[in-house]
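Have a look at the structure below, then the notes.
Index from 1, following the sequence.
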Amino acid sequence: DDVRRDLALRYLADGKNGLRVVQLTDIHLGPWITLEYVHEALRMANALEPDLIVLTGDYVHRSKAYIEPVAKALTELRARIGVAGVLGNHDWWEDGSLARSAFGRAGIPLIDNSRRFVTPGRKLVAQASEGLCLAGVGDLWEDVVSFGEALGGVPASMPRLLLSHNPDAAEEPELVQGGYRVDLM
């Protein structure tokens with residue numbers, strides 16, 4: 001579904017106002033979702049002229065044979081700042097290690113239990129002391145979920161966008177009781 005929302009984030013610097021983020025999730029390339037359908041979804045995402053594209057898992061369904069084709073297709077995504085994602089349970093069920101390798105070859109960073117930063121100059125980088133933190137956690141069912149690795153040590157005044165395939169991660173005790181602030185998940 002095409003859902004659009006305007007959201008205000010605390011601490012977001014003026015240079016990030018109007019930041020357009022497109023999220024794609026549950027692509028499920030497989031026996032019932034064709035590559036042509038995926039390409040159409042990618043064209044629609046690109047037509048939104050995003051600054052940042054976030055991918056939240058379940059790229060494949062029912063076979064690891066779909067991993068390479070979907071990773072290759074995702075290279076068609078065009079965002080002014082960049083693209084990053086996390087894996088979902090279906091990706092792990094088929095072959096999480098192969099998915100990590102395919103995404104690496106495709107140049108799409110997977111940030112499960114890690115993070116990237118959007119700098120004030122609108123670059124996606126591994127380290128920054130100001131800007132926007134784009135963090136990710138592993139899949140709740142099939143991976144390790146480490147909010148400490150994803151959010152630990154982020155400057156207090158920096159806004160944080162957290163990627164997770166499974167929304168139930170928002171209720172995990174490590175997040176709820178750990179003192180980690182998330183501005184948008």
- side-chain contact (heavy atoms from CB on, under 4.5 Å) between Tyr59 and Val38, worked out: CA-CA 10 Å; Tyr59 308 104; Val38 172; over 6 Å; no
Exercise: identify the closest heavy-atom pair between [X] and [Y]:
X	Y	answer
His39	Ala73	CE1-CB, 3.8 Å
Leu35	Pro69	CD1-O, 4.2 Å
His165	Asp26	CE1-OD1, 3.4 Å
Val145	Leu140	CG2-CA, 3.7 Å
Gly136	Ala150	O-CB, 3.2 Å
Ile67	Ala99	CG2-CA, 3.6 Å

Hey, are the side chains of [X] and [Y] touching, using non-hydrogen atoms and a 4.5 Å cut-off?
X	Y	answer
Asp95	Val60	no
Pro159	Leu161	no
Val137	Glu172	no
Glu40	Met44	yes
Leu175	Val182	yes
Leu77	Val22	no
Arg160	Tyr180	no
Ile33	His61	no

Using 0.5 Å steps for rounding, measure from the [atom1] atom of [X] to the [atom2] atom of [Y].
X	Y	atom1	atom2	answer
Leu29	Tyr37	CG	OH	12.0 Å
Leu87	Thr56	CG	OG1	11.0 Å
Leu132	Arg122	CG	CZ	10.0 Å
Leu134	Leu163	CG	CG	5.0 Å
Ile111	Cys133	CD1	SG	8.0 Å
Arg62	His28	CZ	NE2	11.0 Å

- Start with the C-alpha distance between Glu149 and Val144, add both sets of side-chain angles, then the distance that settles side-chain contact (heavy atoms from CB on, under 4.5 Å), and finish with yes or no. CA-CA 11 Å; Glu149 289 180 33; Val144 173; 5.8 Å; no
Tell me if a side-chain donor or acceptor on [X] pairs with a main-chain N or O of [Y] at a distance below 3.5 Å.
X	Y	result
Arg181	Met158	yes
Arg105	Lys72	no
Thr75	Ala71	no
Glu94	Ser63	yes
Asn113	Ser146	yes
Arg115	Gly152	yes

If you group Ile, Leu, Val, Met, Phe, Trp and Tyr by side-chain heavy-atom gaps below 4.5 Å, do [X] and [Y] land in one group?
X	Y	result
Val125	Val154	yes
Leu42	Leu110	yes
Ile27	Val54	no
Val70	Leu55	yes
Ile53	Leu48	yes

- Mind checking salt bridge (Lys or Arg N to Asp or Glu O under 4.0 Å) for Asp112 and listing every partner two or more places apart, or none if nothing turns up? Arg100
- Message: I'd like to know if Arg20 pairs up with Asp51 as an ion pair, taking the criterion as any Lys NZ or Arg NE/NH1/NH2 lying under 4.0 Å from an Asp or Glu carboxylate oxygen.
- Response: no
- Could you tell me which residues satisfy ring pair (Phe, Tyr, Trp, His ring centres under 6.0 Å) with Trp93, sequence neighbours excluded, listed by chain and number? His90
- Query: Crowded around Arg43 CZ? As in, over 12 foreign heavy atoms under 6.0 Å?
  - Reply: yes
- Give every residue pair that meets the salt bridge (Lys or Arg N to Asp or Glu O under 4.0 Å) criterion with at least one member in residues 124-143, sequence neighbours excluded. none
- Given side-chain contact (heavy atoms from CB on, under 4.5 Å), test Asp58 with Asp91 step by step and report yes or no. CA-CA 5 Å; Asp58 278 5; Asp91 308 313; 4.2 Å; yes
